[in-house]
Amino acid sequence: MRIRKDVSLIDQHTFHADVTAAWFAEAHHLTDLVALLRSGVRPALILGEGSNVLFAADFPGLVIKNCLLGKSFRQADQVPGKGLVEVAAGENWADFVAWTLEQGLGGLENLSLIPGTAGAAPIQNIGAYGVELSDLLLSLEAYDIEQEKLVTLDKEVCRFGYRSSRFKEDWKGRFVITRLFLLLSAASHSLKTAYGDLESRLQHIPAEKRKPSDVARAVIDIRKSKLPDPALLGNAGSFFKNPVVEGAQFETLLNLYPDLVFFPQGEGQYKIPAAWLLDKGGWKGKQIGRVACHDRQPLVIVNVGGAGGEEILEFAKMVATDISARFGIVLEPEVNMYPPGKWLEDTY
Ligand code: FAD
Ligand code: NAP
């Protein structure tokens, strides 16, 4: 294992901002990971494919790239019709989903083509088209940096929520996820197609004849037609979470904007697509300097070419400040930022 000094991260994260890590190493085995974490170099940051991070400055410590590989599946003896799947944290998520489908397993099809590693998926409980990782996850294996040992964490203790988990809250920085355990369907798949454009894309296949792979193909087609490829246009997917507002604020917004798009969440709460707010606020396709809101999906902030992390951060703050002034809604970033804490301190 090689530890390198002053390494450019430009190709290690999908915003492609030209920042440097003071130290950088790849962990291909658990023993590498443990040795690096025990080296005492701090701060230490675990990086997967960098598709959900924004580096607003050089990283002063050790970046550890997670390259742990391996996956397997067996029939679940206790649960007929189910398959138990294990995947190491460094596996590419999209390839892993495609592999589960090739094994005849269902459940992950709506999560096709999400960039990044399997190990990062629990951090924000990745989700798309009405399915979240936590719907299929049983437990995970992680290295506890505090106690210096491998632990198994059942899904229940991870407090998964909408694009959230304890790994982004009180457990931030404590665990390195090394392996996931999932329970997928091996027969009698129950497909979820009610979301967004998905059902209309599947209209040509009678509902009873649809397979998980049909849903995956539709998801992949929609995503390819709508989202910028980070290899061509730097981005980290949705920059902000979709805000959820309470009844009174919702009524006010609906009176002001009869065309408001919203999704009732129960208990008097309503999810408003952040993309709708950005579109309404004139941010769709808007470019300032070398940063823009994407012209097909404004929630995706893109590096048009050569922007640094600080410039992207300033643009995102401008967007959030404007949305707050227009609609009284505080947008919360979904992307993980380094250095942490800069966002909330400076923006509101
Ligand atoms: P990174 O960006 O490398 O890391 C993200 C965070 O997790 C960092 O804080 C990092 O320190 C931490 N981390 C990474 N690996 C580990 C580990 N093994 N243990 C502990 N901490 C770790 N997300 C969705 O939920 N749904 C989508 O549909 C979706 N679509 C996207 C589309 C595009 C075009 C892009 C660019 C991003 C999209 N995302 C989406 C966001 C992103 O793909 C996910 O958040 C993904 O899980 C990030 O994986 P990564 O390996 O790149 O993580
Ligand atoms: P879309 O289908 O145009 O829908 C816009 C928003 O409306 C989505 O964000 C979605 O919320 C919400 N929505 C749509 N149908 C809904 C329903 N039936 N019930 C509740 N909410 C509904 O969205 P899109 O941008 O093309 O993305 C499609 C899916 O991929 C979404 O689930 C989105 O979250 C996911 N995605 C995520 C990222 C990321 O980086 N996090 C990037 C691209 C796409 P939700 O976001 O809560 O699902």
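Every number for a ligand or one of its atoms is a count from 1 in the order of the listing. Side chains included, hydrogens not; waters and symmetry mates left out as well; all remaining heavy atoms used. Count residues from 1 along the sequence.
Numbered from 1 in the order shown, with element, the atoms of ligand 2 that lie under 4.0 Å from a heavy atom of Glu334 read 39 (C), 40 (O), 41 (N). Ligand 1 places these atoms under 4.0 Å from at least one heavy atom of Ala236: 35 (C), 36 (C), 37 (C). Under a 4.0 Å criterion applied to the non-hydrogen atoms of Gly127, ligand 1 contributes the atoms 24 (C), 25 (O), 26 (N), 27 (C), 28 (O). Annotation for ligand 1: atoms under 4.0 Å from non-hydrogen atoms of Leu45 are 11 (O). Close approach to Asn66 involves these atoms of ligand 1, each under 4.0 Å from a residue heavy atom: 18 (N). Atoms of ligand 1 found under 4.0 Å from any heavy atom of Asn235 (numbered from 1 in listed order, with element): 34 (C), 36 (C). Short contacts between ligand 2 and Gly237, defined as distances under 4.0 Å to a heavy atom of the residue, involve ligand atoms 40 (O). The atoms of ligand 1 that sit less than 4.0 Å from any heavy atom of Phe175 are 20 (C). The Ala128 neighbourhood of ligand 1 comprises atoms 28 (O), with distances under 4.0 Å to a heavy atom of that residue.
Within a 6.0 Å radius of CZ in Arg38, other residues, nucleotides and ligands contribute more than 12 heavy atoms. Heavy-atom contacts from other residues, nucleotides or ligands closer than 6.0 Å to CD of Gln147 number more than 12.
With a 4.0 Å cut-off on non-hydrogen atoms, Pro273 touches ligand 2 through its side chain and not its backbone. The proximity of Tyr129 to ligand 2, defined as any non-hydrogen pair under 4.0 Å, involves the side chain as well as the backbone. At a heavy-atom distance under 4.0 Å, no atom of Val300 approaches ligand 2.
One distance of note links CE of Met318 with CD1 of Ile288; it measures 4.0 Å at 0.5 Å rounding.
Salt-bridge formation is detected for the pair Lys280/Asp259: a Lys NZ or Arg NE/NH1/NH2 atom is positioned less than 4.0 Å from an Asp or Glu carboxylate oxygen. We find that Lys284 and Asp295 are not joined by a salt bridge, their nearest charged nitrogen and carboxylate oxygen being 4.0 Å or further apart. Between Asp221 and Lys224, no side-chain nitrogen of the basic residue sits less than 4.0 Å from a carboxylate oxygen of the acidic one, so the salt-bridge criterion is not met.
Looking only at heavy atoms of the protein, atom 47 (O) of ligand 2 is closest to Lys271 NZ, 2.6 Å. Taking atom 12 (C) of ligand 2 as the reference point, the nearest protein heavy-atom neighbour is Phe263 CE1, 3.4 Å. At the shortest separation from atom 38 (C) of ligand 2 among protein heavy atoms lies Ser238 OG, 3.1 Å. Here the heavy atom of the protein found nearest to atom 43 (C) of ligand 2 is Leu227 CD1, 3.6 Å. At the top of the distance list for atom 48 (O) of ligand 2, counting protein heavy atoms only, stands Tyr195 OH, 2.7 Å. Closest to atom 25 (O) of ligand 2 among all protein heavy atoms lies Gln297 NE2, 2.5 Å. Here the heavy atom of the protein found nearest to atom 35 (C) of ligand 2 is Ala128 CB, 3.8 Å.
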Show me the donor-acceptor pairs, under 3.5 Å and distance only, between side chains in residues 262-272 and residues at least two apart or in other chains.
| from | atom 1 | to | atom 2 | distance (Å) |
| --- | --- | --- | --- | --- |
| Gln265 | NE2 | Phe263 | O | 2.9 |
| Gln269 | NE2 | Glu246 | OE2 | 2.8 |
| Lys271 | NZ | Tyr195 | OH | 3.1 |

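Residue-ligand proximity: Asp197 is placed with every non-hydrogen atom at 4.0 Å or more from ligand 2. Using a non-hydrogen distance threshold of 4.0 Å, Tyr162 registers as a contact of ligand 2.
Members clustered with Leu36: Met1, Ile3, Trp23, Leu30, Leu33, Val34, Leu37, Val41, Ile46, Leu62, Ile64, Leu68, Tyr143, Ile145, Leu150, Val176, by chain and number, using a 4.5 Å side-chain heavy-atom cutoff among hydrophobic residues.
Across the listed options Ala142, Gly237, Ala27, Gly237 owns the non-hydrogen atom lying nearest to atom 36 (C) of ligand 1.
Using modelled atom types and a 3.5 Å distance limit, the side chains of Ser134 and Asn125 yield a donor-acceptor pair.
Taking any N or O of Asn242, backbone or side chain, at least one lies under 3.5 Å from an N or O belonging to ligand 2.
Counting protein heavy atoms under 4.0 angstrom from atom 4 (O) of ligand 2 gives zero.
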